[in-house]
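Presented below is the structure to which this report refers.
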Amino acid sequence: MMIRDQETLNLLLDTVSRFVSERLIPVEENVAESDRIPDEIVEEMRQLGLFGLCIPEQYDGLGLTMEEEVLIAFEIAKASPAFRSLIGTNNGIGSQGLIVDGTDEQKQYYLPKLASGELIASFALTEPGAGSDAASLKTSAVRDGDFYVLNGTKRFITNAPEAGVFTVMARTNPEIKGAGGISAFIVEKGTPGITLGKIDKKMGQKGAHTCDVIFDDCRVPASNIIGGQEGMGFRTAMKVLDKGRLHISAICVGAAERMLNDALRYAMEREQFGKPIAEFQLIQAMLADSRAEIYAARSMILDAARRRDEKQDISTEASCCKLFASEMCGRVADRAVQIHGGAGYVSDYAVERFYRDVRLFRIYEGTTQIQQLVIARNMIRDAANSAR
Ligand SMILES: Cc1cc2nc3c(=O)[nH]c(=O)nc-3n(C[C@H](O)[C@H](O)[C@H](O)COP(=O)(O)OP(=O)(O)OC[C@H]3O[C@@H](n4cnc5c(N)ncnc54)[C@H](O)[C@@H]3O)c2cc1C
């Protein structure tokens with residue numbers, strides 16, 4: 001399924017673009033200072049359907065294709081990444097695990113609530129001892145009659161303070177050390193035995209929150225295991241990983257476009273040596289390199305998104321996009337600060353905040369190094385297969 005209806009899509013893109021410039025950008029400084037997204041903005045995000053971009057229409061979502069989703073992500077990311085973070089988990093693993101592997105009852109119960117934003121979902125995989133090596137996670141889930149009893153600590157969980165429901169990855173089979181022993185559980189907020197840690201003090205993305213989620217003899221109904229059987233959890237997560245990586249890549253492009261736009265405007269206004277600094281070729285080089293790299297990232301993301309919509313395996317392409325787009329975004333952030341000179345280092349300009357906000361993109365959803373490993377591993381595998 002490619003772009004389904006160009007006219008409807010254009011209307012949606014226009015609406016989102018207007019929402020970003022008229023509603024989100026004007027409040028983003030306030031969000032950063034108060035570390036909070038105003039309730040009325042969250043409500044407007046709900047009304048626009050932003051929490052259910054890629055949840056199927058039969059469950060009240062917008063049912064966007066991957067290509068459509070990245071086009072929307074390019075726009076949303078022109079405002080502070082904190083806004084995107086709030087809708088990120090409902091559109092990402094919080095709902096996608098259910099869509100690909102959930103039982104009918106699970107889908108019918110949870111997806112409409114996630115699509116409307118009535119429920120915020122969090123995805124709890126990372127632990128103090130298990131980050132890049134996520135399959136080594138230790139949180140345990142032990143069967144006890146009609147329940148599983150969960151014990152363990154999850155770290156850096158996005159939207160945990162806001163979450164109504166958590167997708168928790170836990171080991172149901174301690175004999176199997178890697179991915180095969182892991183299952184995914186839907187755990188509702190308020191289930192006895194869950195506590196939240198203090199909200200993490202982050203470098204950036206104020207207004208988006210992460211914290212520890214601690215499970216202490218937390219009893220979860222056995223029917224809440226995603227897909228209805230043990231040992232599927234990690235595989236479920238891997239199935240939707242490519243989608244998450246493309247989504248984040250698109251966010252990197254949107255944020256880079258915003259920073260470059262701010263830098264260009266500044267360069268055309270700011271005068272030194274009797275003329276706008278935009279007329280200096282060394283400044284032009286930074287503008288041009290940024291523009292070219294953004295275009296490259298945008299093109300590769302659209303290509304990979306279309307391939308995913310055609311059901312091709314895009315594991316390598318998704319990692320290429322995440323690697324290139326997040327590193328590109330970091331370079332653009334650096335140049336954008338440089339073009340602003342001293343003004344780029346003080347918080348009167350958005351670029352100082354974006355510089356800190358975008359640093360995260362190279363770290364989560366698989367670090368740059370993990371993307372490199374995935375790409376090289378796939379290359380070696382493919383070469384070995386074709387040599388056979
Ligand atoms: C703000 C924020 C939000 C997050 N949200 C979530 C969330 O919602 N849910 C969730 O489950 N997790 C979340 N995370 C966790 C995130 O996914 C991890 O931080 C990330 O995967 C890296 O794991 P780590 O921090 O343990 O780093 P480590 O794995 O300890 O990595 C440290 C360094 O070692 C490198 N490294 C590790 N292994 C290798 C290797 N084999 N070869 C080469 N280099 C290697 C890494 O690339 C990195 O540079 C979030 C993190 C942050 C900071």
Side-chain angles (χ1 to χ4, degrees), residues 32 35 80-97 114 120-139 150 152-171 178-179 182-187 189 194 196-215 226 233-234 236-238 240-241 243-245 247-248 251-252 255 319 322-323 326-327 329-330 353 356-378 380:
D35 196 16
S80 164
F83 300 112
R84 196 292 312 181
S85 186
L86 187 63
I87 60 162
T89 36
N90 280 35
N91 284 300
I93 183 86
S95 65
Q96 296 303 306
L114 293 174
I120 302 282
S122 267
F123 176 61
L125 170 65
T126 305
E127 298 180 357
S132 297
D133 185 11
S136 71
L137 66 82
K138 292 213 165 56
T139 293
L150 269 60
T153 297
K154 296 295 181 179
R155 180 137 297 170
F156 305 142
I157 305 307
T158 299
N159 293 334
E162 289 80 18
V165 65
F166 300 87
T167 301
V168 183
M169 308 298 273
R171 192 170 299 283
I182 297 172
S183 306
F185 293 90
I186 307 165
V187 185
K189 169 185 125 173
I194 301 186
L196 300 183
K198 276 204 322 272
I199 292 183
D200 298 318
K201 286 192 183 154
K202 305 195 298 325
M203 176 191 289
Q205 300 209 8
K206 300 277 160 57
H209 307 125
T210 64
C211 69
D212 278 5
V213 183
I214 302 136
F215 298 91
I226 294 184
F234 210 77
T236 300
M238 293 303 115
V240 295
L241 203 65
K243 180 176 185 306
R245 288 179 174 163
H247 177 91
I248 287 291
I251 296 297
C252 293
S319 283
K322 168 67 167 63
L323 167 65
S326 62
E327 293 288 330
C329 190
R353 176 162 35 80
R356 288 180 287 108
D357 288 347
V358 303
R359 188 62 184 81
L360 180 58
F361 297 144
R362 291 151 66 190
I363 296 171
Y364 69 177
E365 297 267 348
T367 63
T368 288
Q369 289 70 35
I370 293 303
Q371 308 306 332
Q372 290 173 316
L373 296 183
V374 171
I375 296 164
R377 198 189 301 140
N378 289 353
I380 295 163

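Atoms within a ligand are numbered from 1 in the order they appear, just like the ligands themselves. Reckoned from all heavy atoms, side chains included, excluding hydrogens, waters and symmetry mates.
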Taking only Lys NZ, Arg NE, NH1 and NH2, and the carboxylate oxygens of Asp or Glu, determine whether Glu127 and Lys154 approach each other closer than 4.0 Å.
-> yes
Quick one: do Arg155 and Asp212 make a salt bridge, cutoff under 4.0 Å?
->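 Asp212 and Arg155: salt-bridged.
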Any non-hydrogen protein atom below 4.0 Å of [atom]?
atom: atom 7 (C) of ligand 1; answer: yes
atom: atom 32 (C) of ligand 1; answer: no
atom: atom 47 (O) of ligand 1; answer: yes

Does some side-chain heavy atom of [Y] sit less than 4.5 Å from a side-chain heavy atom of [X]?
X: Phe123; Y: Ile157; result: no
X: Ile186; Y: Phe166; result: no
X: Val165; Y: Val187; result: no
X: Leu323; Y: Ile375; result: yes
X: Asp357; Y: Ser80; result: yes
X: Arg356; Y: Lys202; result: no
X: Lys322; Y: Ile248; result: yes
X: Glu162; Y: Asn159; result: yes

If you count the atoms of ligand 1 from 1 in the order shown, which ones are under 4.0 Å from a heavy atom of [X]?
X: Thr210; result: 1 (C), 2 (C), 3 (C)
X: Thr367; result: 22 (C), 46 (C), 47 (O)
X: Ser132; result: 23 (O), 28 (P), 29 (O), 31 (O), 37 (C), 38 (N)
X: Lys202; result: 1 (C)

Could an N or O of ligand 1 be found under 3.5 Å from any N or O of [X], whether backbone or side chain?
X: Ile157; value: no
X: Thr126; value: yes
X: Gln369; value: yes

Could you check [atom] against the protein and tell me its nearest heavy-atom contact, residue, atom and distance included?
atom: atom 9 (N) of ligand 1; result: Phe123 O, 2.7 Å
atom: atom 3 (C) of ligand 1; result: Thr158 OG1, 3.3 Å
atom: atom 53 (C) of ligand 1; result: Leu360 CD1, 3.5 Å
atom: atom 41 (N) of ligand 1; result: Leu373 CD1, 3.4 Å
atom: atom 20 (C) of ligand 1; result: Ile363 O, 3.6 Å
atom: atom 39 (C) of ligand 1; result: Ile370 CD1, 4.2 Å
atom: atom 19 (O) of ligand 1; result: Phe156 CD1, 3.9 Å
atom: atom 26 (O) of ligand 1; result: Gly131 CA, 3.1 Å

Does ligand 1 have a heavy atom under 4.0 Å from the side chain of Leu125, from its backbone, from both, or from neither?
-> both
Might you point out which heavy atoms bring Ala255 and Cys329 nearest each other, and give the distance in Å?
->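 Scanning both residues, the minimum pair turns out to be CB-SG, 4.2 Å.
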Return the minimal non-hydrogen interatomic distance between Gly330 and Arg362, and the atom names on each side.
->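 Shortest heavy-atom contact: CA-NH1, 4.5 Å.
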